Amino acid sequence: MKSELVLYNTLTREKEQFKPINPPCVGLYVCGPTVYGDPHLGHARPAITFDLLFRYLREEGYKVRYVRNITDVGHLQNDADDGEDKLAVKARLENLEPMEVAQYYTDRYHHAMDELGVLPPSIEPRASGHIMEQIELVQEILDNGYAYESNGSVYFDVEKYAAKHNYGQLSGRKIEDMLCNTRELDGQCDKQRPLDFALWKKAAPEHIMRWKAPWSLGFPGWHLECSAMSVKYLGERFDIHGGGMDLMFPHHECEIAQNTAASGHGAANYWMHNNMITIDGQKMGKSLGNFITLEELFTGTHKLLAQAYSPMVIRFFILQAHYRSTLDFSNEALQAAEKGLDRLMAAVETIDKVMPGKASTVDVSDLERRCREAMNDDLNSPMVISALFDWVRIINQLHDGTQTISAGDLEALRRIVHRFVFDILGLRNDAAAEKNDLVGPLVEMLLEMRQQAKADKNWAASDKIRDELTRIGIVVKDRKDGYDWSIK
RNA sequence: GGUCUGAUGGCCGAGUGGCUAGGCACAGCUCUGCAAAAGCUGCUACAGCGGUUCGAAUCCGCUUCAGACCUCCA
């Protein structure tokens with residue numbers, strides 16, 4: 001139970017010992033997707049990063065309530081554009097109800113996450129289902145004097161807030177700097193000052209998604225849902241808030257401001273931000289149009305892709321970099337990840353073939369120690385993988401007989417490897433799953449026949465069996481005393 | 001323009017003052033009917049220029065380059 005976990009807190013810009021408010025409970029909130037398009041590689045990063053955290057906390061004995069929202073309320077492209085939101089535009093283009101669009105992409109997102117081995121969160125609230133809570137939050141902020149109504153819309157009064165509180169504490173921005181650098185978006189804006197942001201927006205006639213509120217028929221500001229829903233499900237104070245680095249400002253900064261304006265303090269103790277995935281050194285993102293969807297990745301249907309990459313390769317690729325580093329996409333890197341993952345999975349299977357000896361020439365505790373130390377150091381998954389690969393070699397040596405291991409140690413090794421590879425890193429051995437009751441015995445039968453052919457020095461028959469199996473994707477590896485096989 | 005990150009070997013990617021992560025690629029060897037796999041060995045880098053130090057990829061300064069945020073974004 002006692003954890004040595006250290007996490008980097010964006011709020012303090014330091015690695016801090018993780019101390020939950022009410023152990024063994026942990027409250028975790030992560031910003032989820034806006035469901036108006038197919039999930040892309042960028043979505044996989046936070047999902048996998050915080051899935052890793054979720055899994056590790058659970059393994060460490062914490063009872064985690066993990067909340068990840070679905071943004072299904074259309075928000076405006078920008079303040080000057082009073083017309084349509086992204087969801088509505090999509091709905092019109094595809095001739096659908098906005099909620100139909102949201103549902104469709106929510107399902108697509110869920111499916112992709114499932115493929116990637118991302119566990120479902122404990123609660124997945126939708127913004128559209130929490131309009132009441134958002135309206136109440138706006139009212140509280142108004143009551144506390146940190147917001148004003150203007151022509152049916154409600155804006156957060158940043159200047160007034162900043163006089164008492166630290167607006168910019170998370171992003172490290174200074175309000176004076178922001179003031180000089182705000183681009184004035186002209187037009188029909190009801191804001192008093194450029195830094196103010198919308199809490200409630202009066203809907204233009206063509207705006208389809210709208211709800212009734214004391215101020216107007218309208219829709220909530222886009223920072224609002226996270227403030228309202230995190231507090232609703234995790235309490236006024238909770239442990240960890242996560243999301244992509246690009247959300248730090250303004251989204252998370254505004255969240256803190258909203259919570260503080262309502263209750264006097266921010267909600268989360270630790271703020272964690274994953275870095276971006278880049279493509280040719282540039283951020284991959286919807287707005288840049290250079291993103292690759294997860295489905296394209298899984299099927300290899302994108303002009304930049306040399307081949308298809310399985311969900312587990314994507315997961316492994318992401319875990320091989322630390323979550324706070326940018327990770328550059330390339331076919332070469334993905335292919336390297338694919339081969340590395342194959343080797344790791346082969347070794348996991350090899351453990352079961354190792355014959356125990358009397359005494360151990362290897363120290364199994366070394367693996368567990370290194371993996372835990374790495375995880376405890378701000379989720380250093382690359383270091384975990386590095387330790388595992390050192391043990392891939394050792395496992396192969398055990399199998400070859402150049403090292404020996406006792407039965408007890410072997411069982412411990414199996415347990416540790418499975419725990420870190422499957423339970424914590426969340427990897428899956430998809431190839432092993434294909435070795436089902438039908439394929440297994442068939443292959444075994446053919447390989448027994450091949451053994452006979454080899455014994456008879458009938459190389460033509462032996463090679464034919466092997467070549468034919470290779471052709472249909474089954475790799476045969478001869479050993480001194482028999483054979484191994486696997487599905488490619 | 002403001003704020004902030006980063007620059008590591010053929011590629012990806014850890015590491016924060018001395019003890020040379022790991023993966024992929026490449027080369028040689030062992031094993032082997034051949035092949036594959038595996039093992040062993042080799043390849044040993046930290047953008048540039050100064051400074052601090054017994055010692056710097058790691059700390060400080062400057063330069064160059066790249067990226068992110070400042071507007072929706074994971």
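Atoms considered below: every heavy atom in the structure, side chains included; atoms not considered: hydrogens, waters and symmetry mates. In the text below, chain A, chain B and the rest are named by the order of the sequence lines, each starting its count at 1. Nothing here was measured: the structure is a model prediction, and the numbers come from that model.
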J.: Roughly, in whole Å, what's the span from CG in A:Leu327 to P in B:G67?
T.: 17 Å
J.: Between B:C62 and B:G9, how many Å separate the two P atoms, rounded to a whole number?
T.: 25 Å
J.: Using the C1' atoms only, state how far B:A57 lies from B:G6, rounded to an integer number of Å.
T.: 14 Å
J.: Under 4.0 Å, heavy atoms only, any strand: does A:Ser462 hit a base, just the sugar-phosphate, or nothing?
T.: base
J.: B:G22 and B:C54: how far apart are their P atoms, nearest whole angstrom?
T.: 32 Å
J.: Measuring to OP1 and OP2 of B:A74, would you say a side-chain N or O of A:Asn274 lies under 4.0 angstrom away?
T.: no
J.: Let me know which of A:His40, A:His111, A:Arg108, A:His302 forms a side-chain hydrogen bond (donor to acceptor under 3.5 Å, both in side chains) with A:Glu295.
T.: A:Arg108
J.: If the C1' atom of B:U44 is compared with that of B:G51, how far apart are they to the nearest Å?
T.: 27 Å
J.: Consider only side-chain N and O atoms of A:Asp72 and A:Tyr105, and report whether a donor and an acceptor are under 3.5 Å apart.
T.: no
J.: If you check the A:Ala336 side chain, which of B:G23, B:A14, B:A74 turns out closest?
T.: B:G23
J.: Please state whether the phosphate of B:C70, meaning OP1 or OP2, lies under 4.0 angstrom from any side-chain nitrogen or oxygen of A:Ser171.
T.: no
J.: Mark this stacking check for A:Phe389 against B:G23 as yes or no, applying ring centres under 5.5 Å and ring planes under 30°.
T.: no
J.: For A:His273 together with A:His252, are the ring centres under 6.0 Å from each other?
T.: yes
J.: Once you apply a heavy-atom cut-off of 4.0 Å, does A:Met276 come out as touching a base, just sugar-phosphate, or nothing?
T.: base
J.: Measure NZ/A:Lys339 against C1'/B:C24 and give the value in whole Å, please.
T.: 7 Å
J.: Quantified in whole Å, what is the C1' atom distance between nucleotide B:C46 and nucleotide B:G15?
T.: 11 Å
J.: Let's go through A:Thr71 and A:Glu225 carefully: what are the C-alpha distance in whole Å and the side-chain angles of both, what is the deciding distance for side chain to side chain donor-acceptor pair (under 3.5 Å) to 0.1 Å, and is it a yes or a no?
T.: CA-CA 8 Å; A:Thr71 298; A:Glu225 59 177 281; 3.0 Å; yes
J.: Please report the distance, rounded to the nearest Å, between CG in A:Asp378 and C1' in B:G15.
T.: 14 Å
J.: Taking the side chain of A:Asp400 as its heavy atoms from C-beta onward, which of B:A21, B:G39, B:C69 lies nearest to it?
T.: B:G39
J.: Give a yes/no answer on whether the side chain of A:Lys174 brings an N or O atom under 4.0 Å of OP1 or OP2 in B:U3.
T.: no
J.: Would you say the ring centroid of A:Phe219 lies under 6.0 angstrom from that of A:His207?
T.: yes
J.: Please check if atom NZ in A:Lys464 has more than 12 non-hydrogen atoms from other residues, nucleotides or ligands closer than 6.0 Å.
T.: no
J.: To the closest 0.5 Å, what do you measure between NZ (A:Lys202) and OG (A:Ser153)?
T.: 7.5 Å
J.: Using only side-chain N and O atoms of A:Arg370, determine if any of them is under 4.0 Å from OP1 or OP2 of B:G22.
T.: no
J.: Want to settle it: does A:Lys283 or A:Cys31 sit nearer the 5' end of RNA chain B, counting the closest nucleotide to each?
T.: A:Lys283
J.: Figure out the CG/P separation between A:Asn275 and B:C12, and round it to whole Å.
T.: 16 Å
J.: When the C1' atoms of B:A47 and B:A7 are compared, how many Å lie between them, rounded to an integer?
T.: 6 Å
J.: Can you give me the N/O atom pairs linking the protein to nucleotides 34-36 of chain B at distances under 3.5 Å, or say none if there are none?
T.:
{"from": "B:C34", "atom 1": "O2", "to": "A:Arg466", "atom 2": "NH2", "distance (Å)": "2.7"}
{"from": "B:C34", "atom 1": "N3", "to": "A:Arg466", "atom 2": "NH1", "distance (Å)": "2.8"}
{"from": "B:C34", "atom 1": "N3", "to": "A:Arg466", "atom 2": "NH2", "distance (Å)": "3.3"}
{"from": "B:C34", "atom 1": "N4", "to": "A:Arg466", "atom 2": "NH1", "distance (Å)": "3.4"}
{"from": "B:C34", "atom 1": "N4", "to": "A:Asp478", "atom 2": "OD2", "distance (Å)": "2.9"}
{"from": "B:A35", "atom 1": "N6", "to": "A:Asp478", "atom 2": "OD2", "distance (Å)": "3.4"}
{"from": "B:A35", "atom 1": "N3", "to": "A:Arg466", "atom 2": "NH1", "distance (Å)": "2.9"}
{"from": "B:A36", "atom 1": "N1", "to": "A:Asp478", "atom 2": "O", "distance (Å)": "3.1"}

J.: In sequence, state the C-alpha distance, the side-chain angles, and the governing distance for A:Phe422 and A:Asn429, and then conclude on side-chain contact (heavy atoms from CB on, under 4.5 Å).
T.: CA-CA 8 Å; A:Phe422 298 128; A:Asn429 192 352; 4.2 Å; yes
J.: Rounding to a whole Å, what distance do you find between A:Lys353:NZ and B:A37:C1'?
T.: 10 Å
J.: Would you say A:Arg393 places a side-chain N or O within less than 4.0 Å of OP1 or OP2 belonging to B:A21?
T.: no
J.: Please state how far atom CZ in A:Arg324 lies from atom P in B:G13, giving the value in whole angstrom units.
T.: 16 Å
J.: Looking only at atom P, what distance separates B:A38 and B:C70, rounded to whole Å?
T.: 46 Å
J.: For A:Arg126 and A:Gln103, what are the C-alpha separation, side-chain angles and deciding distance, and is it a side-chain contact (heavy atoms from CB on, under 4.5 Å)?
T.: CA-CA 11 Å; A:Arg126 291 167 165 248; A:Gln103 186 65 52; 3.3 Å; yes
J.: Could you verify whether a donor N or O on one side chain and an acceptor N or O on the other, from A:Asn275 and A:Thr326, lie under 3.5 Å apart?
T.: no
J.: Where the side chain of A:Pro46 is concerned, which of B:G13, B:C31, B:A74 is the nearest nucleotide?
T.: B:A74
J.: Just call it for A:Gly244: base, sugar-phosphate, or nothing, with non-hydrogen atoms closer than 4.0 Å on any strand.
T.: sugar-phosphate
J.: Between B:G13, B:C70, B:C40, which one does the side chain of A:Pro382 approach most closely?
T.: B:G13
J.: I need the CG-C1' distance between A:Leu367 and B:G22, as an integer number of Å.
T.: 14 Å
J.: Select base, sugar-phosphate, or nothing to describe what A:His40 touches, counting heavy atoms under 4.0 Å on all strands.
T.: base
J.: Look at the side-chain N and O atoms of A:Asn380 and state whether any lies under 4.0 Å from the OP1 or OP2 oxygen of B:G15.
T.: yes
J.: More 5' along RNA chain B: A:His223 or A:Asp328, using each one's nearest nucleotide?
T.: A:Asp328
J.: Is the number of heavy atoms from other residues, nucleotides or ligands within 6.0 Å of NE2 (A:His418) greater than 12?
T.: yes
J.: Report yes if a side-chain nitrogen or oxygen of A:Gln335 is closer than 4.0 Å to either non-bridging phosphate oxygen (OP1 or OP2) of B:C11; otherwise report no.
T.: no
J.: In whole Å, measure the gap between the P atoms of B:U20 and B:U53 for me.
T.: 26 Å
J.: Quick one: the dot-bracket string of RNA chain B, using Watson-Crick and G-U wobble pairs with both distances under 3.5 Å, [ ] for crossing pairs and | for bases paired to another strand.
T.: (((((((..(((.....[...))).(((((.......)))))....(((((..]....))))))))))))....
J.: Pick one: which of A:Phe156, A:Phe249, A:Tyr161 meets ring-ring contact (aromatic ring centres under 6.0 Å, His included) with A:Phe197?
T.: A:Phe156
J.: Could you state the CD1-P distance from A:Ile318 to B:A14, rounded to the nearest angstrom?
T.: 13 Å
